[in-house]
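This report refers to the structure that appears directly beneath it.
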There are 2 protein chains.
Amino acid sequence: MVTINDIARRAGVSRTTVSRFINESGYVSEKARENISRVIEATGYVPSEQAKSLRLKRTKVIGVVIPKISTETMSRVVNGMDEILQQEGYQILLASSSLDKQKEIEQLKLLESRRVDGIILVATNREPELLEAVKNLSVPVVAVGQHLPEISSVVYNDYEAAKSLTKEILHAGHTKIGFIGVDEADYSVGVLRKKGFLDALKENGCSVETGWMQTASFSISAGEEAAARLLEQSKTLPTALLAVTDRLAVGAMQTLRKEGFDLPGEMAVAGMGASDMSAYVTPALTTVDYYYEEAGKVSAGILLKAITGHAKKVEKSQMDYRLLKRDSLR
Amino acid sequence: MVTINDIARRAGVSRTTVSRFINESGYVSEKARENISRVIEATGYVPSEQAKSLRLKRTKVIGVVIPKISTETMSRVVNGMDEILQQEGYQILLASSSLDKQKEIEQLKLLESRRVDGIILVATNREPELLEAVKNLSVPVVAVGQHLPEISSVVYNDYEAAKSLTKEILHAGHTKIGFIGVDEADYSVGVLRKKGFLDALKENGCSVETGWMQTASFSISAGEEAAARLLEQSKTLPTALLAVTDRLAVGAMQTLRKEGFDLPGEMAVAGMGASDMSAYVTPALTTVDYYYEEAGKVSAGILLKAITGHAKKVEKSQMDYRLLKRDSLR
DNA sequence: CAGACATGTGTGATCGATTCCACAATGTGC
DNA sequence: GCACATTGTGGAATCGATCACACATGTCTG
């Protein structure tokens, strides 16, 4: 790999002059310019951003920790980030925790060791170990999806979104509503969405049977299984079903259809997240759009402000949401 | 940020000894061990991978260039890569070209300037400028999705897959088959899949009307529009329709349903790519599984072999495929 | 008891860039 | 003709790590 010294030698100048030429700083004579530019052309020299980073104490790299790469939500969030970061000349160093809490912490350390200029953590939990690890970092951090104390966070309005959606279901005339949630370790999806659901019911004087409340992981098949359990464990069947993610809803619809339910006639279904497929399943799924790309952009923006020092120490931002009423709810 | 020199000073040893302690190379006395480990603990010191990279001439970072982050295909491919790369201690530096050919080339340069240990290029075209840029790189490169000359490549069997799928449609009794393709700049999807389709027809003595062959971009809505054009421009309607991606197929189904077609009774539809949603649309979409995660894994494996020098100079690998016959084709 | 060998530590060069500072030339004003 | 900009260049330190090598002990062996 050709270095600045090679260029200097072959152009008959010092590496200082080459550096000046490249960065357009200070004086370089016309003759020197020509020589240097000719040699660079001939050798295909590309300055080492690496060496530069060491000297300048900045890498122009942002670390992004996500639970899993191959989910629609994540790819949309990361896409939003990239759009903003690329504009400012930053690149993304990707770190997947594969939904492993220990690995999530390791990834943070790893990114710190690479001296990234900042970290965006798409968090799935709020365990003390994670908070501790985040606090010990000496790089600016922005959390996405979970409200981490004393850390800049971009969160979805999970509570209100779930509440609105539930009200919409009630409004459609349903009073017996089933629920497919996820583990409470995920505070945003597991706790807040469930709370929004339950509060909306309470405010309208509705109650739920225990069998109507199911918990699943994040896959479509988990939704299928949860729906099956719900049907089996319910003494009286609900007439509508709210799943906290679209994938769970799609899985549930699959089971319901298999069991011969008329959708949405005998069972209305709603999901959350506005996934791509939600508009194309049959019946089209009623859901909530969280503006994931936008969340990525906002978090990147906050991080950049923190890096350049033009920011409040801790900035909290709550994303908007939007109800998408479709055929699956009547 | 605390450095190895700070640790050395506070532990009362030289930085060499600290380095030895960290890397478990050479002798370090029990007393020195204790001091160093205590100081590291107290300061939260994390060695700079950056400085290490400069010295060792390797970064443990792999650059991945993709056309767009927020597509299911890409996130699955990248997920596969990450699985392999993480095992070997590599991280992924993500570079999206946003489907811009010029930017694709810039991203390659940028990754080279960061001295990544290798690059995986998920290519969408084979333009001479791109080939030139790739050849000028002084890092190992693996291409995915397109067969780049003299470059290790992992390709899908686009031709055979399209041909098999078409034969399957013929086998189901259809002889008039419409086609929604994409621009030929994308050699694999635009040219090879179309060729597979046409060759299968030719071998079976079937022909196509011009109106039956439509071209679209990669979105669902493009599929809707292409199907509308197809219906409009056909003198006699086909009884089946092959779209080169699932999203196009889903879009087409949307239009067909809107126009009152009974699916698959009046029009059978097939897609390609085995997207997540393909199994959950109605009717479930017949498609071809390209094993995208696996392609990511294979490409990462080839790259790692190239980096460690245990590889042939150029390695070509062709992925397997699998027909998924579902309700949309009868 | 000399030389070999294991144990333990530090000095200084190195990786590839940037940048402060010193120092030449040359021109310019008074 | 002297002081002083302006223009142009290079030497050397620096960023934070690794590592070859030198050098000190202490112990074992023939």
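A, B, ... follow the sequence lines: proteins, then strands. Residue 1 opens every chain.
In this structure, the CD atom of Gln50(B) is 14 Å from the C1' atom of dT14(D), given to the nearest Å. Whole-Å rounding puts the Glu112(B) CD to dG16(C) C1' distance at 15 Å. Look at CD1 on Ile22(B): it is 12 Å from P on dC19(D), rounded to the nearest Å. Going from atom CZ of Phe21(B) over to atom P of dG10(C) covers 15 Å, rounded to whole Å. Taking atom CZ of Arg115(A) as the reference point, atom P of dC15(D) lies 14 Å away to the nearest angstrom. Atom P of nucleotide dG16(C) and atom CG of Asn5(A) are separated by 8 Å, given to the nearest angstrom. Remark: C1' of dT9(C) and CZ of Arg9(B) are 18 Å apart, rounded to the nearest angstrom. Rounded to an integer number of Å, the gap from Met1(A) CE to dG16(C) P is 9 Å.
When heavy atoms are screened at a 4.0 angstrom cut-off, Leu56(B) is found touching the sugar-phosphate backbone but no base atom. Counting non-hydrogen atoms under 4.0 angstrom, Ser19(A) reaches a base of the nucleic acid.
Summary of the strand contacts: Ser25(B) and Ala51(B) both lie near DNA chain D, and taking for each the nucleotide with the nearest heavy atom, the more 5' one is attributed to Ala51(B).
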Next item on the list: Sugar-phosphate atoms are those with a prime plus P, OP1 and OP2; base atoms are the rest. Using that split, label each nucleotide of nucleotides 6-13 of chain D B, S or - for protein heavy atoms under 4.0 Å, 5' to 3'.
Entry: -BBBBBBB
Counting only pairs under 3.5 Å, give me each side-chain donor-acceptor contact of residues 18-28 of chain A, with atom names and distances, residues two or more places apart or in other chains.
| from | atom 1 | to | atom 2 | distance (Å) |
| --- | --- | --- | --- | --- |
| Ser19(A) | OG | Asn23(A) | ND2 | 3.4 |
| Asn23(A) | ND2 | Ser19(A) | O | 2.9 |

Name every donor-acceptor pair, under 3.5 Å, that has one atom in a side chain of residues 103-120 of chain A and the other anywhere in the protein, sequence neighbours excluded.
| from | atom 1 | to | atom 2 | distance (Å) |
| --- | --- | --- | --- | --- |
| Lys103(A) | NZ | Gln86(B) | OE1 | 2.8 |
| Glu104(A) | OE1 | Asn125(A) | ND2 | 3.2 |
| Gln107(A) | NE2 | Ser96(A) | O | 2.8 |
| Glu112(A) | OE2 | Ser138(A) | N | 3.1 |
| Glu112(A) | OE2 | Ser138(A) | OG | 2.9 |
| Ser113(A) | OG | Leu110(A) | O | 2.7 |
| Arg114(A) | NE | Gln91(B) | OE1 | 2.7 |
| Arg114(A) | NH1 | Thr59(B) | O | 2.9 |
| Arg114(A) | NH2 | Lys60(B) | O | 3.0 |
| Arg115(A) | NH1 | Glu112(A) | O | 3.0 |
| Arg115(A) | NH1 | Val46(B) | O | 3.4 |
| Arg115(A) | NH2 | Val46(B) | O | 2.7 |
| Asp117(A) | OD1 | Thr59(A) | N | 2.8 |
| Asp117(A) | OD1 | Thr59(A) | OG1 | 3.2 |
| Asp117(A) | OD2 | Thr59(A) | N | 3.2 |
| Asp117(A) | OD2 | Lys60(A) | N | 2.7 |

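Sorted by first and then second residue, the salt bridge (Lys or Arg N to Asp or Glu O under 4.0 Å) pairs with a member in residues 70-99 of chain A read Glu72(A)-Arg76(A), Arg76(A)-Glu293(A), Glu83(A)-Lys297(A); sequence neighbours excluded. Residue pairs meeting the ring-ring contact (aromatic ring centres under 6.0 Å, His included) criterion with at least one partner in residues 28-84 of chain A, sequence neighbours excluded, are absent.
More than 12 heavy atoms of other residues, nucleotides or ligands lie within 6.0 Å of OH in Tyr90(B), so this atom counts as buried by the packing criterion.
Side-chain atoms of Leu121(B) and Val134(B), non-hydrogen and from C-beta on, do get closer than 4.5 Å to each other. For the pair Ile7(B)/Ile40(B), a side-chain contact is recorded, criterion being any heavy-atom separation below 4.5 Å from C-beta on. Counting heavy atoms from C-beta outward, Val144(B) and Ser153(B) have side chains that stay 4.5 Å or more apart.
Of the candidates dC19(D), dG16(D), dC15(C), dC15(C) carries the atom nearest the Lys57(B) side chain, counting heavy atoms from C-beta on.
Donor-acceptor pairing under 3.5 Å is lacking for the side chains of Glu315(B) and Ser152(B).
Proximity of residues 34-47 of chain B to DNA chain C (heavy atom under 4.0 angstrom from any strand atom) is not detected for any residue.
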